[in-house]
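As C-alpha coordinates, the structure follows; a few thoughts come after it.
Each ligand, and each atom within it, is numbered from 1 in the order the structure gives. Nothing here was measured: the structure is a model prediction, and the numbers come from that model.
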Amino acid sequence: MPVDATPPDPEAQRGGAPRELDPLEHQGERAREVSLRPGCFDDFIGQERIKDNLRIAVQAAKLRGDPLPHVLLCGPPGLGKTTLSMILAAERGVSLHLASGPAIEHKGQLAALLTRLEPCDVLFIDEIHRLTAVVEENLYTAVEDFRIDIVNGEGAYAQTLQLPLHPFTLVGATTRTALLTNPMRSRFGYDARLDYYPPEHLAQIVTRSAARLGVAISPEGAEELARRARGTPRIVNRLLHRARDFATVLGDGRVDGASAREALDRLDIDAIGLDEMDRRYLTTLIDFYGGGPVGIETLAAALSEPRDTLEDVYEPYLLQQGLLARTARGRVATERAFDHLGRPQPRGQARLL
Ligand code: ADP
(Lines give C-alpha, C1' and ligand atoms only; values in the text may rest on other atoms or scores of the structure.)
Protein backbone atom coordinates (compact mmCIF):
# COMPACT_ATOMS: atom_id res chain seq x y z
CA MET A 1 0.00 0.00 0.00
CA PRO A 2 2.18 2.87 -1.20
CA VAL A 3 1.18 5.82 0.97
CA ASP A 4 1.57 8.43 -1.72
CA ALA A 5 -0.92 6.53 -3.85
CA THR A 6 -3.57 6.49 -1.13
CA PRO A 7 -5.75 9.30 0.17
CA PRO A 8 -3.73 11.61 2.46
CA ASP A 9 -5.33 10.24 5.57
CA PRO A 10 -5.24 6.44 5.74
CA GLU A 11 -7.98 6.63 8.36
CA ALA A 12 -10.33 8.10 5.79
CA GLN A 13 -10.55 4.67 4.21
CA ARG A 14 -11.96 3.16 7.35
CA GLY A 15 -14.55 5.71 8.29
CA GLY A 16 -12.12 7.97 10.10
CA ALA A 17 -10.36 8.29 13.44
CA PRO A 18 -11.21 11.29 15.60
CA ARG A 19 -9.85 14.17 13.54
CA GLU A 20 -7.97 15.69 16.46
CA LEU A 21 -5.75 12.61 16.44
CA ASP A 22 -4.04 13.62 13.25
CA PRO A 23 -0.65 15.05 14.31
CA LEU A 24 0.10 16.90 11.10
CA GLU A 25 -3.28 18.55 10.69
CA HIS A 26 -2.43 21.22 13.25
CA GLN A 27 0.81 22.14 11.59
CA GLY A 28 -0.88 23.22 8.37
CA GLU A 29 1.78 21.38 6.42
CA ARG A 30 -0.04 18.19 5.73
CA ALA A 31 -0.95 18.58 2.10
CA ARG A 32 2.48 19.86 1.14
CA GLU A 33 4.33 17.14 3.04
CA VAL A 34 2.17 14.34 1.74
CA SER A 35 3.13 15.14 -1.83
CA LEU A 36 6.84 14.88 -0.95
CA ARG A 37 6.72 11.96 1.44
CA PRO A 38 8.71 8.93 0.31
CA GLY A 39 6.39 5.92 0.03
CA CYS A 40 8.91 3.06 0.30
CA PHE A 41 12.29 2.28 1.84
CA ASP A 42 14.08 2.83 -1.47
CA ASP A 43 12.88 6.43 -1.62
CA PHE A 44 13.68 7.15 2.04
CA ILE A 45 17.13 8.69 1.88
CA GLY A 46 19.79 8.10 4.59
CA GLN A 47 19.43 6.51 8.06
CA GLU A 48 20.80 3.35 6.43
CA ARG A 49 21.26 1.23 9.55
CA ILE A 50 17.71 1.87 10.76
CA LYS A 51 16.32 1.23 7.30
CA ASP A 52 18.22 -2.07 6.95
CA ASN A 53 16.96 -3.32 10.31
CA LEU A 54 13.39 -2.33 9.57
CA ARG A 55 13.55 -3.90 6.11
CA ILE A 56 14.55 -7.21 7.66
CA ALA A 57 11.80 -6.92 10.28
CA VAL A 58 9.25 -6.34 7.51
CA GLN A 59 10.48 -9.30 5.45
CA ALA A 60 10.45 -11.63 8.46
CA ALA A 61 6.96 -10.49 9.50
CA LYS A 62 5.66 -10.99 5.96
CA LEU A 63 7.15 -14.48 5.67
CA ARG A 64 5.64 -15.53 8.97
CA GLY A 65 2.37 -13.65 8.49
CA ASP A 66 2.97 -11.88 11.81
CA PRO A 67 2.60 -8.22 12.70
CA LEU A 68 5.82 -6.21 12.78
CA PRO A 69 7.52 -5.86 16.16
CA HIS A 70 6.58 -2.73 18.11
CA VAL A 71 8.93 0.07 17.05
CA LEU A 72 10.02 3.17 18.93
CA LEU A 73 11.32 6.06 16.79
CA CYS A 74 13.16 8.84 18.60
CA GLY A 75 14.59 12.11 17.34
CA PRO A 76 13.92 15.80 16.80
CA PRO A 77 10.92 16.91 14.69
CA GLY A 78 11.10 16.63 10.91
CA LEU A 79 13.60 13.75 10.65
CA GLY A 80 11.15 11.21 9.21
CA LYS A 81 9.44 9.40 12.09
CA THR A 82 5.93 9.70 10.64
CA THR A 83 7.24 8.92 7.18
CA LEU A 84 8.96 5.74 8.41
CA SER A 85 5.77 4.56 10.10
CA MET A 86 3.89 5.08 6.83
CA ILE A 87 6.56 3.14 4.96
CA LEU A 88 6.42 0.31 7.51
CA ALA A 89 2.67 -0.05 7.02
CA ALA A 90 2.95 0.23 3.23
CA GLU A 91 5.77 -2.32 2.97
CA ARG A 92 3.96 -4.72 5.29
CA GLY A 93 0.82 -4.19 3.19
CA VAL A 94 -1.45 -3.07 6.04
CA SER A 95 -3.29 0.09 7.06
CA LEU A 96 -1.78 2.81 9.17
CA HIS A 97 -3.71 4.60 11.90
CA LEU A 98 -2.34 7.93 13.08
CA ALA A 99 -2.77 9.18 16.63
CA SER A 100 -1.01 11.55 18.96
CA GLY A 101 -0.24 11.05 22.67
CA PRO A 102 -1.85 14.21 24.07
CA ALA A 103 -5.01 13.70 21.95
CA ILE A 104 -5.77 10.32 23.56
CA GLU A 105 -7.25 11.78 26.69
CA HIS A 106 -8.86 8.75 28.27
CA LYS A 107 -9.05 4.99 28.13
CA GLY A 108 -12.25 5.05 26.07
CA GLN A 109 -10.51 6.87 23.22
CA LEU A 110 -7.67 4.36 23.32
CA ALA A 111 -10.13 1.47 23.24
CA ALA A 112 -11.89 3.05 20.24
CA LEU A 113 -8.59 3.29 18.39
CA LEU A 114 -7.47 -0.24 19.26
CA THR A 115 -10.70 -2.02 18.46
CA ARG A 116 -10.67 -0.51 14.99
CA LEU A 117 -7.36 -2.18 14.09
CA GLU A 118 -7.39 -5.06 11.62
CA PRO A 119 -4.85 -7.91 11.92
CA CYS A 120 -1.24 -6.67 11.61
CA ASP A 121 -2.27 -2.99 11.20
CA VAL A 122 0.13 -0.30 12.38
CA LEU A 123 -0.91 2.19 15.05
CA PHE A 124 1.35 5.24 15.07
CA ILE A 125 1.32 7.30 18.26
CA ASP A 126 3.22 10.56 17.95
CA GLU A 127 4.58 12.19 21.12
CA ILE A 128 4.09 8.93 22.95
CA HIS A 129 5.85 10.36 26.02
CA ARG A 130 2.82 12.59 26.55
CA LEU A 131 0.27 9.81 27.14
CA THR A 132 -1.49 10.00 30.51
CA ALA A 133 -0.48 7.34 33.05
CA VAL A 134 -3.88 5.60 32.79
CA VAL A 135 -3.83 5.43 29.01
CA GLU A 136 -0.23 4.23 29.07
CA GLU A 137 -0.99 1.41 31.51
CA ASN A 138 -3.84 0.22 29.33
CA LEU A 139 -1.59 0.29 26.34
CA TYR A 140 0.76 -2.20 28.07
CA THR A 141 -1.77 -5.06 28.02
CA ALA A 142 -2.81 -4.09 24.51
CA VAL A 143 0.71 -4.34 23.08
CA GLU A 144 1.72 -7.39 25.09
CA ASP A 145 -1.36 -9.58 25.19
CA PHE A 146 -3.47 -7.95 22.46
CA ARG A 147 -6.38 -7.31 24.77
CA ILE A 148 -7.91 -4.42 26.61
CA ASP A 149 -9.61 -4.65 29.98
CA ILE A 150 -12.90 -2.83 30.36
CA VAL A 151 -14.29 -2.34 33.86
CA ASN A 152 -18.06 -2.48 33.99
CA GLY A 153 -19.91 -1.15 37.05
CA GLU A 154 -18.46 0.19 40.28
CA GLY A 155 -17.25 -0.97 43.68
CA ALA A 156 -18.19 -4.51 44.74
CA TYR A 157 -20.24 -5.02 41.56
CA ALA A 158 -17.46 -4.07 39.19
CA GLN A 159 -16.65 -6.66 36.55
CA THR A 160 -13.64 -6.70 34.28
CA LEU A 161 -14.31 -7.67 30.70
CA GLN A 162 -11.37 -8.66 28.58
CA LEU A 163 -11.77 -7.43 25.06
CA PRO A 164 -9.52 -9.30 22.60
CA LEU A 165 -7.74 -7.27 19.95
CA HIS A 166 -6.25 -8.28 16.62
CA PRO A 167 -2.47 -8.57 16.81
CA PHE A 168 -1.11 -5.18 15.72
CA THR A 169 2.06 -3.12 15.69
CA LEU A 170 2.59 -0.04 17.77
CA VAL A 171 4.97 2.54 16.34
CA GLY A 172 5.72 5.16 18.98
CA ALA A 173 7.45 8.42 18.12
CA THR A 174 9.08 10.75 20.59
CA THR A 175 11.26 13.80 20.51
CA ARG A 176 12.21 13.19 24.15
CA THR A 177 13.39 9.68 24.98
CA ALA A 178 14.29 10.79 28.50
CA LEU A 179 10.63 11.48 29.27
CA LEU A 180 9.48 8.01 28.26
CA THR A 181 8.83 5.70 31.19
CA ASN A 182 10.96 2.56 31.43
CA PRO A 183 7.96 0.18 31.35
CA MET A 184 6.77 1.85 28.13
CA ARG A 185 10.17 1.77 26.53
CA SER A 186 10.71 -1.90 27.39
CA ARG A 187 7.56 -2.84 25.44
CA PHE A 188 9.20 -2.00 22.12
CA GLY A 189 10.98 -4.73 20.18
CA TYR A 190 13.03 -2.23 18.22
CA ASP A 191 14.27 1.14 19.36
CA ALA A 192 15.65 3.47 16.67
CA ARG A 193 17.24 6.86 17.14
CA LEU A 194 17.11 9.09 14.07
CA ASP A 195 20.09 11.42 13.66
CA TYR A 196 20.34 14.73 11.87
CA TYR A 197 21.09 14.19 8.17
CA PRO A 198 24.45 15.09 6.64
CA PRO A 199 24.30 17.76 3.88
CA GLU A 200 24.88 15.19 1.11
CA HIS A 201 21.72 13.29 2.08
CA LEU A 202 19.73 16.51 2.38
CA ALA A 203 20.95 17.52 -1.08
CA GLN A 204 19.60 14.22 -2.45
CA ILE A 205 16.30 14.76 -0.64
CA VAL A 206 15.86 18.30 -1.95
CA THR A 207 16.82 17.26 -5.49
CA ARG A 208 14.23 14.51 -5.39
CA SER A 209 11.61 16.89 -3.95
CA ALA A 210 12.37 19.47 -6.66
CA ALA A 211 11.86 16.81 -9.33
CA ARG A 212 8.50 15.85 -7.82
CA LEU A 213 7.43 19.50 -7.71
CA GLY A 214 8.71 20.17 -11.24
CA VAL A 215 11.24 22.76 -10.00
CA ALA A 216 14.57 23.10 -11.79
CA ILE A 217 17.43 23.05 -9.28
CA SER A 218 21.19 23.02 -9.87
CA PRO A 219 23.54 20.85 -7.79
CA GLU A 220 24.96 24.05 -6.28
CA GLY A 221 21.46 25.23 -5.34
CA ALA A 222 20.70 21.88 -3.71
CA GLU A 223 23.98 21.96 -1.78
CA GLU A 224 23.34 25.48 -0.54
CA LEU A 225 19.87 24.59 0.76
CA ALA A 226 21.16 21.33 2.25
CA ARG A 227 23.99 23.02 4.12
CA ARG A 228 21.63 25.44 5.80
CA ALA A 229 18.70 23.15 6.66
CA ARG A 230 19.65 22.22 10.24
CA GLY A 231 20.15 18.59 9.22
CA THR A 232 16.38 18.22 8.79
CA PRO A 233 14.45 16.95 5.73
CA ARG A 234 11.31 18.91 6.63
CA ILE A 235 13.34 22.12 6.72
CA VAL A 236 15.17 21.45 3.45
CA ASN A 237 11.80 20.90 1.74
CA ARG A 238 10.46 24.10 3.28
CA LEU A 239 13.52 26.04 2.11
CA LEU A 240 12.99 24.64 -1.38
CA HIS A 241 9.48 26.12 -1.47
CA ARG A 242 10.79 29.52 -0.36
CA ALA A 243 13.75 29.43 -2.77
CA ARG A 244 11.37 28.57 -5.59
CA ASP A 245 9.24 31.62 -4.71
CA PHE A 246 12.27 33.90 -4.83
CA ALA A 247 13.56 32.30 -8.04
CA THR A 248 10.14 32.69 -9.68
CA VAL A 249 9.69 36.33 -8.75
CA LEU A 250 13.27 37.57 -8.96
CA GLY A 251 14.86 35.22 -11.50
CA ASP A 252 14.05 32.69 -14.20
CA GLY A 253 12.39 30.21 -11.83
CA ARG A 254 15.49 28.01 -11.57
CA VAL A 255 16.94 27.44 -8.10
CA ASP A 256 20.70 27.78 -8.50
CA GLY A 257 23.44 28.69 -6.03
CA ALA A 258 22.82 32.43 -6.30
CA SER A 259 19.04 32.32 -5.98
CA ALA A 260 19.26 29.84 -3.08
CA ARG A 261 21.73 32.11 -1.27
CA GLU A 262 19.54 35.14 -1.93
CA ALA A 263 16.45 33.38 -0.56
CA LEU A 264 18.25 32.09 2.53
CA ASP A 265 19.78 35.49 3.28
CA ARG A 266 16.39 37.14 2.96
CA LEU A 267 14.94 34.51 5.29
CA ASP A 268 17.66 35.37 7.82
CA ILE A 269 19.13 31.89 7.78
CA ASP A 270 22.87 32.10 8.33
CA ALA A 271 25.80 30.15 6.92
CA ILE A 272 25.43 27.21 9.32
CA GLY A 273 21.65 27.13 9.10
CA LEU A 274 20.76 29.00 12.28
CA ASP A 275 17.54 30.96 12.02
CA GLU A 276 16.51 34.05 13.91
CA MET A 277 15.27 32.07 16.93
CA ASP A 278 18.47 30.01 17.21
CA ARG A 279 20.50 33.20 17.24
CA ARG A 280 18.14 34.85 19.73
CA TYR A 281 18.65 31.84 22.03
CA LEU A 282 22.43 32.15 21.85
CA THR A 283 22.56 35.95 22.07
CA THR A 284 20.28 35.91 25.12
CA LEU A 285 22.52 33.31 26.75
CA ILE A 286 25.67 35.28 25.94
CA ASP A 287 24.57 38.91 26.27
CA PHE A 288 22.27 38.59 29.30
CA TYR A 289 23.91 35.76 31.19
CA GLY A 290 27.57 35.98 30.20
CA GLY A 291 27.32 32.68 28.29
CA GLY A 292 25.91 30.76 31.27
CA PRO A 293 25.49 28.50 33.07
CA VAL A 294 21.84 29.42 33.22
CA GLY A 295 18.77 27.32 33.98
CA ILE A 296 16.38 26.33 31.21
CA GLU A 297 13.39 27.89 32.98
CA THR A 298 15.17 31.24 33.14
CA LEU A 299 16.00 31.05 29.44
CA ALA A 300 12.43 30.05 28.57
CA ALA A 301 11.11 33.07 30.47
CA ALA A 302 13.65 35.43 28.88
CA LEU A 303 12.81 34.18 25.38
CA SER A 304 9.03 33.92 26.01
CA GLU A 305 9.07 30.39 24.62
CA PRO A 306 7.80 27.24 26.32
CA ARG A 307 10.58 25.17 27.84
CA ASP A 308 9.44 22.13 25.81
CA THR A 309 9.89 24.00 22.53
CA LEU A 310 13.41 25.01 23.48
CA GLU A 311 14.29 21.46 24.51
CA ASP A 312 12.61 19.68 21.60
CA VAL A 313 13.17 22.01 18.69
CA TYR A 314 16.07 24.40 19.24
CA GLU A 315 18.54 22.87 21.65
CA PRO A 316 19.18 19.51 19.91
CA TYR A 317 20.67 21.22 16.85
CA LEU A 318 22.67 23.76 18.87
CA LEU A 319 24.05 20.87 20.95
CA GLN A 320 24.85 18.82 17.87
CA GLN A 321 26.67 21.79 16.31
CA GLY A 322 28.77 22.25 19.45
CA LEU A 323 27.34 25.72 20.07
CA LEU A 324 25.69 24.82 23.35
CA ALA A 325 26.45 22.52 26.25
CA ARG A 326 24.18 21.18 28.96
CA THR A 327 25.87 21.03 32.35
CA ALA A 328 24.59 20.16 35.81
CA ARG A 329 24.45 23.90 36.54
CA GLY A 330 22.57 24.89 33.40
CA ARG A 331 23.06 25.79 29.73
CA VAL A 332 26.43 27.12 28.62
CA ALA A 333 27.38 28.77 25.32
CA THR A 334 30.57 27.25 23.91
CA GLU A 335 33.55 29.10 22.44
CA ARG A 336 32.21 28.25 19.02
CA ALA A 337 28.98 30.09 19.85
CA PHE A 338 30.90 33.22 20.90
CA ASP A 339 32.94 33.04 17.68
CA HIS A 340 29.93 32.41 15.48
CA LEU A 341 28.07 35.43 16.84
CA GLY A 342 31.20 37.59 16.76
CA ARG A 343 31.25 38.11 20.54
CA PRO A 344 34.58 38.34 22.38
CA GLN A 345 35.39 35.29 24.48
CA PRO A 346 34.76 36.03 28.17
CA ARG A 347 37.98 36.47 30.14
CA GLY A 348 38.86 35.88 33.78
CA GLN A 349 35.98 33.49 34.16
CA ALA A 350 36.45 29.84 35.07
CA ARG A 351 34.50 28.59 32.09
CA LEU A 352 34.17 24.89 31.61
CA LEU A 353 34.19 25.07 27.83
P1 ADP B 1 8.72 13.64 11.90
O2 ADP B 1 7.55 12.70 12.01
O3 ADP B 1 10.00 13.05 12.43
O4 ADP B 1 8.44 15.00 12.48
P5 ADP B 1 8.15 13.49 9.07
O6 ADP B 1 8.16 12.02 8.85
O7 ADP B 1 6.82 14.17 9.16
O8 ADP B 1 9.03 13.88 10.36
O9 ADP B 1 9.05 14.13 7.90
C10 ADP B 1 8.89 15.47 7.46
C11 ADP B 1 9.04 15.55 5.96
O12 ADP B 1 10.40 15.35 5.63
C13 ADP B 1 8.23 14.51 5.20
O14 ADP B 1 7.15 15.09 4.55
C15 ADP B 1 9.14 13.96 4.16
O16 ADP B 1 8.81 14.51 2.91
C17 ADP B 1 10.52 14.47 4.50
N18 ADP B 1 11.44 13.39 4.87
C19 ADP B 1 11.72 12.97 6.12
N20 ADP B 1 12.68 12.03 6.10
C21 ADP B 1 13.00 11.84 4.81
C22 ADP B 1 13.96 10.99 4.14
N23 ADP B 1 14.79 10.18 4.82
N24 ADP B 1 14.01 11.03 2.80
C25 ADP B 1 13.22 11.88 2.11
N26 ADP B 1 12.31 12.73 2.68
C27 ADP B 1 12.20 12.71 4.01
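Qualifying salt bridge (charged side-chain N to carboxylate O under 4.0 Å, His left out) partners for Arg244, counting only residues two or more places apart in sequence or in other chains: none. Evaluation of the salt bridge (charged side-chain N to carboxylate O under 4.0 Å, His left out) rule for Arg343 yields Asp287 as partners, not counting sequence neighbours.
Not one N or O on the side chain of Arg212 forms a donor-acceptor pair closer than 3.5 Å with the backbone of Arg208. At least one donor-acceptor pair under 3.5 Å links the side chain of Arg228 to the backbone N or O of Asp270. Between the Lys51 side chain and the Phe44 main chain, a donor and an acceptor come within less than 3.5 Å of each other.
In Glu48, the CD atom is crowded: over 12 heavy atoms of neighbouring residues, nucleotides or ligands sit closer than 6.0 Å. Annotation: Phe288, atom CZ; neighbour count of heavy atoms from other residues, nucleotides and ligands within 6.0 Å does not exceed 12.
A heavy-atom separation below 4.0 Å is found between Pro77 and ligand 1. For the pair Arg37 and ligand 1, a heavy-atom separation below 4.0 Å is found. Under a 4.0 angstrom heavy-atom cut-off, Ala173 registers as lying outside contact with ligand 1.
Ligand-side atoms of ligand 1 in range of Leu36: 16 (O), range being under 4.0 angstrom from any heavy atom. Counting atoms of ligand 1 from 1 in the listed order, those under 4.0 Å from a heavy atom of Asn237 are 16 (O), 17 (C). Near Thr83, meaning under 4.0 Å from any of its heavy atoms, are these atoms of ligand 1: 5 (P), 6 (O), 9 (O), 13 (C), 15 (C). The distance from ligand 1 to the heavy atoms of Pro233 drops below 4.0 Å at these ligand atoms: 12 (O), 17 (C), 18 (N), 19 (C), 20 (N), 21 (C), 27 (C).
The shortest N or O to N or O distance between Ile205 and ligand 1 is not below 3.5 Å. The distance criterion of under 3.5 Å between nitrogen or oxygen atoms is not met by Arg208 with respect to ligand 1. Ligand 1 has an N or O atom lying under 3.5 Å from an N or O atom of Ile45, backbone or side chain.
Within the 4.0 Å heavy-atom criterion, both parts of Thr82, backbone and side chain, lie near ligand 1.
The residue from Pro38, Gly80, Cys74 that puts a heavy atom closest to atom 25 (C) of ligand 1 is Pro38.
The distance from the OG1 atom of Thr83 to the CG atom of Leu36 is 10.0 Å, given to the nearest 0.5 Å.
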